[in-house]
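Below is one structure, written out as C-alpha cells; comments come after it.
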Number of protein chains: 2
Amino acid sequence: MPEDLRQDDYELLARIAHRYYVDGRTQEEIAAEFALSRPKVQRLLERARWSGVVDIRIQAPPWLHLDLETQLRDAFRLSDAIVSPSRTDPQSQREAVARSAAGYLERRLHDGAVVAVSHGRDTGEVPRFFRPERRIDCTFVSAMGGSPRVDAPTNPNEICRTLAEHCGGRAESLYAPAYVESVEMRDRLLEQEAVAHTLRLAARASVALVGIGGTDDGCTMVRSGCLSLEEIARLRAAGAVGDVLGNYVDAGGTLISAPHSSRLVALSIEDLRRIDTVVAVVSETEKPQAILGILRAGVVDVLIVDEGNARTVLELARESVPPRAAGAAAHPAARGR
Amino acid sequence: MPEDLRQDDYELLARIAHRYYVDGRTQEEIAAEFALSRPKVQRLLERARWSGVVDIRIQAPPWLHLDLETQLRDAFRLSDAIVSPSRTDPQSQREAVARSAAGYLERRLHDGAVVAVSHGRDTGEVPRFFRPERRIDCTFVSAMGGSPRVDAPTNPNEICRTLAEHCGGRAESLYAPAYVESVEMRDRLLEQEAVAHTLRLAARASVALVGIGGTDDGCTMVRSGCLSLEEIARLRAAGAVGDVLGNYVDAGGTLISAPHSSRLVALSIEDLRRIDTVVAVVSETEKPQAILGILRAGVVDVLIVDEGNARTVLELARESVPPRAAGAAAHPAARGR
DNA sequence: TCCATCGCTGAGCAAATGATCGGAGCCACG
DNA sequence: CGTGGCTCCGATCATTTGCTCAGCGATGGA
C-alpha cells in the first residue's frame with residue numbers, strides 16, 4: 001500500500017514498527033539495536049504511522065459510529081458527540097437518543113452540579129432512562145417557562161422533577177409561561193423574586209440539557225401554543241432555521257432578533273454560552289437544518305444525535321461553505337501507540 | 001471477534017480506544033471525559049489491546065518475515081534475529097543471508113570494535129556485501145586457524161583481510177592451522193607469541209562473526225581436510241549435530257569433548273560466551289539440526305538465517321522438548337500505542 | 001455475625017515519550 | 001567559490017504513560 005517509499009525505507013519502517021508495536025520494545029532499545037538516536041526512532045515511528053505501514057484499527061461494535069462522532073467533534077469544535085444507532089420508528093429513535101443522553105448525564109453529573117433544562121419531546125424522554133447507580137446530590141432547574149397546552153412530560157418543570165427524583169437530587173421549577181403576551185408583562189414577571197431566582201440559578205448552571213427546535217408549522221413551539229403559525233412563518237421569512245430555548249438562529253448560526261423574543265422567558269444565547277457544558281439532544285424528528293444552524297451558533301458543547309441526522313448535518317456542512325471556516329477535512333490520526 | 005465481552009464493556013472499550021488511537025487524546029483527557037481515573041483508562045486500553053478490540057497491524061513488505069524473527073528471538077533468547085527471503089539456488093541463498101549479515105555489521109560496528117571471525121562458506125560471502133558508507137576504524141581478527149585445502153575466501157584470515165579493506169579497518173591474522181596433528185604440537189603452537197597474541201585479541205572481541213557447521217560427510221570441516229571421514233563419523237556417533245569454530249555440540253546443545261578437540265586451534269565455547277555479541281550466519285546449505293544444537297548451546301546472540309531454515313528450526317524446537325524449557329508460546333503483544 | 005481473602009481502586013513515582021531548539025551539513029543559486 | 005536557505009540531526013525538557021503499592025469494599029466461609 002505505501003508505494004511512495006523507497007524499498008530500504010519501507011523495510012526499515014516495517015522493522016522498527018514491528019519491534020515497537022508487536023515485540024513491545026522501547027524506542028531506546030530499538031535505537032540501540034539499529035544504531036540510531038532515540039528521537040530518530042520516534043520520527044520513524046511517526047512516519048510509519050502516517051504512511052500506513054502501521055495500521056491501527058478499532059473493532060467497534062457495528063452499532064457504534066465513532067467515525068461520525070469524530071467528524072462532528074472536529075467540524076463543530078464540540079467537546080463531545082454521541083451518535084446513537086438508527087431506528088425506523090420515530091419514537092424508538094427518540095428513546096435511543098434519550099438513552100445515550102441519560103448515560104452521558106450519569107457519567108457527567110456529580111454532587112453539587114446544577115443542570116439547566118429545556119423543554120422538548122427529545123429532552124422529555126431523557127428522565128425515563130436516567131437511572132444513576134448511586135445517589136447524585138445535584139439540582140435540576142428549568143431554563144425556560146412552561147406551556148399548558150402540551151403533555152406534562154415535555155415541560156421543563158416536569159422533566160426537572162423526574163430527573164431529580166431518579167437520582168435523589170433536587171428540582172427547581174420556573175413558575176412562568178414560556179411566552180407572555182407583552183414585553184411589559186415579561187418585565188413584570190422577571191421582577192418576581194421566584195422567577196428571577198430560578199433564572200439566575202439556571203444561568204449559573206454548569207450543565208445545560210437542551211433540545212433543538214425546528215421552524216416548520218408542526219414544531220414544538222407551535223404545537224405547544226407558544227408561537228402562532230403566523231409568527232413562525234415570519235421567523236422562517238427572516239431566515240430562522242431552528243432554536244434552543246426559544247432563541248432562533250439562521251442557517252449561518254446568527255441569532256435572529258424578532259418581536260417575539262422580547263416576550264420570551266428563558267435563558268438567552270449569551271447565558272448558554274457561559275454555561276460550561278451545553279448538551280443538545282436531538283432525534284430524527286428535527287430537521288438537520290435546525291441542527292446545523294444551532295451548531296454553527298457555537299453554543300453547543302456536546303451533541304447527542306441519531307445516525308441519520310449526523311450524516312445529513314455533516315453533508316450539509318460540507319456543501320455550504322461555513323461563515324467562518326471550520327474545515328471538515330480529516331486530519332491524519334494523531335497518535336499511534 | 002471479542003465475543004466474551006459484555007455489550008457495555010465492548011462499547012466502552014471501543015469508545016475509549018477510538019478516542020485514544022484515532023482521535024489522539026491523552027489518557028487524562030479521556031479519563032475526564034468518561035469520569036474515570038487515569039489508571040483505569042490505561043487498564044481499559046490494555047484490555048482493549050489484549051482482547052482484540054484494538055488491532056495493530058504492520059504492513060510489512062512481503063519479503064520480510066518479522067514474525068519468524070520474533071519467534072526465533074523468543075524461543076532462543078536471542079538479542080536479534082534476521083530472516084532473509086528464500087531463494088531456490090543455494091548460492092544466491094547464501095548471498096542473500098550474507099547481505100543481511102553485512103548490513104547488520106555495518107550498523108553494529110563502530111570505531112574501536114574488535115571482531116572475531118570464523119571460517120566457512122556463509123561467513124565467506126559476507127565481505128562482498130560489507131560496504132559501510134564511512135570508514136570504521138575497527139579490527140577483524142581470526143578466531144580460528146586456517147586450512148590450505150579450501151578456497152582462500154572461506155579462510156578466516158582472508159575474510160578478515162577483505163572485511164578490513166572494505167571499511168578501512170585493520171585485520172589481524174592467525175598464523176596457524178585449524179587442526180594440528182597432536183596435542184603437544186598445539187601446546188607448542190599456543191606458546192608462540194604471534195599465535196597467542198592473536199587468540200587473546202580474538203577472545204577479547206566485542207563481536208564475533210561465525211558460521212555454523214554440520215556433521216555430514218560433506219561438511220566444511222571434512223572438505224577442508226580438517227577432519228577425516230572417520231573422525232566426523234565418530235563425532236556423529238557421539239551425538240554431534242553441528243559446530244561453531246570446531247566446537248561440536250549435541251542436539252541438546254551440550255559440548256562434546258572428543259579427542260580431536262584438543263588438537264583444535266580456535267576460540268572455545270567459553271571464550272565465545274564471554275563475547276558480547278556473537279553473530280551466527282547460516283544459509284540453507286546447513287542442516288537445521290546443526291543450527292538447533294548450536295542455538296541451544298546458548299552462545300549465539302544474533303542469528304542471521306534464511307527463511308527455510310528458520311521455519312524448520314522453530315518446528316524442530318517445538319517438537320522436541322528442549323532440555324531447559326524455553327517456551328515458544330506466543331505472549332500477547334506487549335504494547336499498543 | 002464476624003473475619004479472612006480476593007479483587008479492584010486510585011495516589012504517586014520512575015520510565016518512556018513527544019516536542020523544541022540550536023547547530024551542522026547540503027544544495028541551489030548568485 | 002561564497003552565501004543564503006533548506007533539511008536533518010540529536011541534546012534537552014515537559015508531558016504522558018506504565019507500574020507499584022497500600023487501602024477499600026465485596027465476597028464467601030466459619
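The structure presented is a predicted model; accordingly, all values stated were derived computationally and were not measured. All heavy atoms count here, side chains included; hydrogens, waters and symmetry mates do not. To find a chain, count down the sequence lines: A is the first, B the second, and so on, and within it residues start at 1.
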Legend entry - Value in whole Å for how far the P atom of dG18(C) lies from CD of Gln27(B): 12 Å

Legend entry - Gap between atoms CD1 and P, on Ile30(B) and dG18(D) respectively (whole Å): 11 Å

Inset, instruction - Can you tell me the distance, in whole Å, between the CD1 atom of Ile16(A) and the P atom of dT17(C)? - result: 13 Å

Inset, instruction - Answer yes if the side chains of Arg99(A) and Tyr104(A) hold a donor-acceptor pair under 3.5 Å, and no otherwise. - result: no

Inset, instruction - Within residues 38-45 of chain B, find the residues that approach DNA chain D with a heavy atom at under 4.0 Å, and present them sorted by residue number. - result: Arg38(B), Gln42(B), Arg43(B)

Inset, instruction - Enter the distance from Ile275(B):CD1 to Asp301(B):CG here, rounded to the nearest 0.5 Å. - result: 9.5 Å

Inset, instruction - Give, for atom CZ of Arg15(A) and atom CD1 of Ile58(B), the distance between the pair rounded to the nearest 0.5 Å. - result: 13.0 Å

Inset, instruction - Return no unless some side-chain N or O of Tyr20(A) is found under 4.0 Å from OP1 or OP2 of dT17(C). - result: yes

Legend entry - Whole angstrom value for the distance that separates C1' of dG25(C) from CZ of Arg134(B): 11 Å

Legend entry - Rounded distance [0.5 Å steps], CG in Leu303(B) versus CZ in Arg73(B): 10.5 Å

Legend entry - Interatomic distance, Glu46(A) CD vs dG10(D) P [rounded to whole Å]: 16 Å

Inset, instruction - Considering only NZ, NE, NH1 and NH2 on the basic side and carboxylate oxygens on the acidic side, decide whether Arg49(B) and Asp55(B) come within less than 4.0 Å. - result: no

Inset, instruction - Could you give me the CA-CA distance, side-chain angles and deciding distance for Asp23(A) and Thr70(B), then say whether side chain to side chain donor-acceptor pair (under 3.5 Å) is met? - result: CA-CA 7 Å; Asp23(A) 298 346; Thr70(B) 297; 2.9 Å; yes

Inset, instruction - Let me know the distance between CD of Glu28(A) and P of dA11(D), rounded to the nearest Å. - result: 11 Å

Inset, instruction - Could you state the atom-to-atom distance from CD of Glu29(A) to P of dA16(C) in whole Å? - result: 8 Å

Inset, instruction - Could you check how far CG of Leu36(A) sits from P of dT17(C), rounded to whole Å? - result: 15 Å

